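Input: a single structure, listed below in structure tokens.
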Amino acid sequence: MLSMSNVSPSPGTPMAASPLTRACLEIDEYAAGLGWDQPARLFALVDTDRLRRQEPRLAHQLGVDAGDTGRTSLTPVEQDELPAGTPLDRFLGTIAWPDAVVGCALTVERLMLPPSAEASVPQGLSDKQLAKWVAAHPERQEVRLTVAVLRDGSRESAVRLREKDSSTEVLTGASLVPGLAEALAATFS
């Protein structure tokens with residue numbers, strides 16, 4: 001399940017932030033480095049110290065050697081690519097994590113409307129019609145959502161607007177993307 005690519009810590013990640021916030025921001029920065037118009041990416045979150053103790057070879061391959069004290073206590077490990085054409089909610093319903101995985105995260109790009117525009121959404125549209133309506137709306141904004149959850153229920157989110165694509169403009173908070181956080185938390189049920 002663990003792939004050989006991981007996310008390197010970002011030099012701009014705040015050190016005062018919780019380990020989950022730092023991991024979420026590391027993943028956001030990694031995704032930003034790949035550019036926009038990317039597929040959704042899923043990450044396992046593993047305890048860095050446990051990884052070093054139990055899988056020293058893998059820790060070395062992932063670049064989290066014992067002397068690396070600058071790392072967060074959570075190591076994001078990118079998983080295999082999500083299956084093309086499978087709705088995200090259906091895919092997340094198929095995931096089961098081994099005990100070594102203490103959390104997971106997902107980064108995905110979406111179109112969003114400001115709250116003022118949501119009141120004008122026509123009623124009775126199918127999902128496909130609604131997506132088309134949002135895509136044509138003049139106030140739409142492209143965003144990258146990074147949502148991370150732990151087995152203990154902790155949550156964190158990072159939201160990056162395409163028009164303000166800078167690590168200093170990333171909004172963070174535990175309840176920014178509650179639906180996606182719920183779906184990720186359900187992968188531990």
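In this text, all values refer to a predicted model and were calculated from it rather than measured experimentally.
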Distance check, rounded to the nearest 0.5 Å: Glu55 atom CD versus His60 atom NE2?
14.5 Å

Starting from the C-alpha separation in whole Å, work towards a yes-or-no answer on side-chain contact (heavy atoms from CB on, under 4.5 Å) for Val147 and Leu106.
CA-CA 5 Å; Val147 179; Leu106 182 85; 5.5 Å; no

Distance check, rounded to the nearest 0.5 Å: Leu74 atom CG versus Arg50 atom CZ?
12.5 Å

For Val101 and Phe188, run side-chain contact (heavy atoms from CB on, under 4.5 Å): C-alpha distance rounded to whole Å, both residues' side-chain angles, the deciding distance at 0.1 Å, then the answer.
CA-CA 10 Å; Val101 175; Phe188 292 104; 4.3 Å; yes

Name all pairs fulfilling the ring-ring contact (aromatic ring centres under 6.0 Å, His included) condition that reach into residues 117-170, sequence neighbours left out, sorted by first residue then second.
Trp133-His137

Leu145/Thr107 under side-chain contact (heavy atoms from CB on, under 4.5 Å): CA gap, chis, key distance, verdict:
CA-CA 5 Å; Leu145 309 171; Thr107 184; over 6 Å; no

Is there a side-chain contact between Val46 and Val102 in this structure, where contact means two heavy atoms from C-beta onward sitting under 4.5 Å apart?
no

Any salt bridge between Arg52 and Asp49, counting N to O under 4.0 Å?
yes

With a 4.5 Å cut-off on side-chain heavy atoms, are Gln141 and Val159 touching?
no

Is any side-chain N of the basic residue among Arg160 and Glu169 closer than 4.0 Å to the acidic one's carboxylate O?
no

Write down the atom of Gly35, the atom of Arg144, and the distance for their closest heavy-atom approach.
O-NH2, 3.1 Å

Using every non-hydrogen atom in the two residues, find where Ala23 and Leu45 come nearest and quote the distance to one decimal.
CB-CD2, 4.3 Å

For the hydrophobic clusters of this structure (ILVMFWY residues joined by side-chain heavy atoms under 4.5 Å, transitively), does one cluster hold both Ile27 and Leu34?
yes

Nearest heavy-atom contact between Val149 and Ala185 is CG2-N, 3.8 Å

When you check the gap from the basic side-chain N to the acidic O, do Glu182 and Arg155 get nearer than 4.0 Å?
yes

Pairs flagged by ring-ring contact (aromatic ring centres under 6.0 Å, His included) wherever residues 102-130 is involved - sequence neighbours left out:
none

Nearest 0.5 angstrom please: Arg53 CZ to Leu51 CG, how far?
10.0 Å

Is Arg22 paired with Glu29 through a side-chain N to carboxylate O contact shorter than 4.0 Å?
no

Side chains of Ser73 and Thr48, donor plus acceptor under 3.5 Å
no

Measure the shortest side-chain to side-chain distance between Leu25 and Thr146 over non-hydrogen atoms and say whether it is less than 4.5 angstrom.
no

Ring-plane angle category for Phe43 and Tyr30, please: parallel below 30°, perpendicular beyond 60°, tilted otherwise.
perpendicular

Over all atoms of both residues, closest heavy-atom pair of Cys104 and Trp97
CB-CZ2, 3.5 Å

Can you give me the closest heavy-atom contact between Arg151 and Pro98, atom names plus distance?
NH2-O, 2.7 Å

Should Asp37 and Glu142 be marked as a side-chain contact (heavy atoms from CB on, under 4.5 Å) after you check the CA-CA gap, both sets of side-chain angles, and the distance that decides it?
CA-CA 10 Å; Asp37 304 318; Glu142 292 179 72; 4.3 Å; yes

Checking the side chain of Glu78 only, and the main-chain atoms of Leu42 only, is there a donor and an acceptor separated by less than 3.5 Å?
no

Asp127 atom CG, neighbour heavy-atom count above 12 within 6.0 Å
no

Starting from Leu111, can I reach Val170 by hopping between I/L/V/M/F/W/Y residues whose side chains sit under 4.5 Å apart?
no

Is Ser18 reaching over with its side chain to a backbone N or O of Thr21, donor-acceptor style, under 3.5 angstrom?
yes

Is there a path of hydrophobic side-chain contacts, each under 4.5 Å between heavy atoms of I/L/V/M/F/W/Y residues, joining Leu184 to Val143?
yes

Cluster check Leu180, Phe91: I/L/V/M/F/W/Y, side chain < 4.5 angstrom:
yes

Atom CG in Leu20, atom OG in Ser157: separation rounded to 0.5 Å?
9.0 Å

Of the non-hydrogen atoms in Ala40 and Leu82, which two are nearest, and what is the gap between them?
O-CD1, 3.7 Å

More than 12 heavy atoms of other residues, nucleotides or ligands under 6.0 Å from CD of Glu81: is that the case?
no

Linking I/L/V/M/F/W/Y whenever their side-chain heavy atoms sit closer than 4.5 Å, directly or via other members, would Met112 and Val121 fall into one cluster?
no

Backbone N/O of Cys24 and side chain of Glu156: donor-acceptor pair under 3.5 Å:
no

